[in-house]
2 protein chains.
Amino acid sequence: MTATRLSRDVLLPRLAAHVLEHGLADASLRPLARAAGTSDRMLLYHFGSKEQLVADLLAYLAGQFSAALDRAFPAERAASREDCVAQVLAITGEGTFQPFMRVWWDIVSGCAAGNAAYLEAAGAIMDGLLQWVVDHLPEDDPDPQAGARMVLTYIEGAQMLAAVGRGDIPQAGLSAL
Amino acid sequence: MTATRLSRDVLLPRLAAHVLEHGLADASLRPLARAAGTSDRMLLYHFGSKEQLVADLLAYLAGQFSAALDRAFPAERAASREDCVAQVLAITGEGTFQPFMRVWWDIVSGCAAGNAAYLEAAGAIMDGLLQWVVDHLPEDDPDPQAGARMVLTYIEGAQMLAAVGRGDIPQAGLSAL
DNA sequence: CTACAACTGTAGCGGTTGCTACATTCGACT
DNA sequence: AGTCGAATGTAGCAACCGCTACAGTTGTAG
């Protein structure tokens with residue numbers, strides 16, 4: 001049990017690195033294993049099935065994402081809702097976050113297909129991000145609950161448009177917020 | 001040539017129907033062919049390759065989407081930006097549009113993976129939607145260009161959050177627009 | 001009727017998929 | 001030293017993937 005847990009803990013970061021580079025949608029056991037320095041046989045041994053492996057991977061990636069977010073943003077609050085949007089977009093638009101965004105859209109695609117594990121992971125990530133926005137809105141925001149939800153929605157729309165090569169649209173819309 | 005074009009025109013709606021039901025991400029030639037009443041052999045004969053088939057399918061789906069949008073929305077303008085967002089969300093949240101949203105996230109996922117055909121189709125769809133929003137904003141909007149872009153961004157964010165089971169977030173954020 | 005091009009079915013290629021049966025090695029405990 | 005379970009390698013399964021070679025069968029134009 002202990003050895004198994006240890007092995008999984010060693011494997012997960014390597015698997016995550018491979019997925020961040022090559023995407024989650026068409027990740028298969030043999031390339032995954034090669035990247036992690038094992039065999040498909042052992043991946044199945046440690047995780048039971050590919051489905052479980054992906055579920056564990058999603059949980060791991062969700063943790064990594066919120067950790068990276070906390071690391072990238074200082075504790076201070078934004079000057080305005082608009083500033084809060086701009087801050088998040090500036091950071092997540094940066095190169096460091098690009099690989100995660102790439103797999104994020106694979107996750108959303110899995111959610112739209114009805115995959116329960118994807119839905120759980122994506123929901124958790126969004127809940128975390130919402131909390132982060134709540135914590136970073138200006139102190140004097142007239143309605144932090146609604147404001148944070150509006151900000152989060154706009155951020156996500158901006159990221160989708162950026163993913164399809166229309167990042168100029170949310171940028172130009174920012175002034176109308 | 002004529003016969004080929006005809007065949008493709010007969011095939012495309014059937015292929016689109018299958019993709020709208022089962023998703024685009026893991027659509028493969030044999031099931032596609034079965035759904036269209038042909039063989040994988042003939043699909044490749046008519047389209048040349050799976051890549052080209054998907055490209056043609058994307059163009060067809062983009063056309064179907066904007067047609068459905070024009071059909072669902074009357075010509076009159078919205079009362080406000082907020083109302084415009086609410087109108088689009090009400091329609092696209094309806095059951096009829098659900099299958100399209102399902103394949104939409106497959107398209108976005110393909111864009112994030114760098115697929116050029118997906119990027120082109122997605123960009124065209126977004127451009128069409130942006131134009132639609134511009135045309136449906138209130139006459140007296142102070143800045144229709146920026147306003148439409150803001151509205152579109154919010155709509156897309158709302159749809160992503162809905163896809164991951166957090167449709168309540170954009171709903172609650174609407175009042176902060 | 002012939003000739004030629006468009007069309008289509010059959011069968012299969014080499015590759016990948018998730019997963020498993022079987023045999024073996026390793027390491028800790030008695 | 002011996003035992004037992006955890007860990008691992010090898011080999012392979014049946015199903016699927018996109019695609020193609022080959023052999024027809026049509027439909028049509030001269």
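Order of the sequence lines sets the chain letters (A, B, ...), proteins ahead of strands, with each chain counted from 1. Source: prediction; values computed, not measured.
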Q: Take nucleotides 18-27 of chain D nucleotide by nucleotide from the 5' end and write B, S or -, depending on whether a protein heavy atom sits under 4.0 Å from the base, only from the sugar-phosphate, or from neither.
A: BBBBB-----
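In this structure, the CZ atom of Arg34(B) is 14 Å from the P atom of dA15(D), given to the nearest Å. Between Leu53(A) atom CG and dT17(C) atom P the separation is 14 Å, expressed in whole Å. For the pair Leu43(A) CG and dG9(D) C1', the interatomic distance rounds to 15 Å; values are reported in whole Å. Across the protein-nucleic acid pair, Gln52(A) atom CD and dG18(C) atom P stand 15 Å apart, rounded to whole Å. Separating the CE atom of Met42(B) from the P atom of dC7(C) is a distance of 7 Å, rounded to the nearest angstrom. A straight line from CG of Leu11(A) to P of dA7(D) spans 12 Å, rounded to a whole angstrom.
Residue contacts for Ser39(A): at a heavy-atom cut-off of 4.0 Å it reaches the sugar-phosphate backbone alone, with no base atom in range.
For dT8(D), one of the phosphate oxygens OP1 or OP2 lies less than 4.0 angstrom from a side-chain nitrogen or oxygen of His46(A).
The closest donor-acceptor contact from the side chain of Arg149(A) to the backbone of Ile169(B) lies at 3.5 Å or more, if one exists at all.
Residues satisfying the side chain to side chain contact (heavy atoms under 4.5 Å, CB included) test with Ala122(B), not counting sequence neighbours, are Val164(A), Trp104(B), Ile107(B), Cys111(B). For Glu21(A), the side chain to side chain donor-acceptor pair (under 3.5 Å) test picks out no residue, with sequence neighbours left out. Looking at residues two or more places apart in sequence or on another chain, you find a ring pair (Phe, Tyr, Trp, His ring centres under 6.0 Å) between Phe100(B) and Phe65(B). Applying the side chain to side chain donor-acceptor pair (under 3.5 Å) test to Gln52(B) and every residue at least two apart in sequence or in another chain returns Asp56(B). In this view, Gln87(A) and Phe73(A), Ala78(A), Asp83(A) satisfy the side chain to side chain contact (heavy atoms under 4.5 Å, CB included) rule, not counting sequence neighbours.
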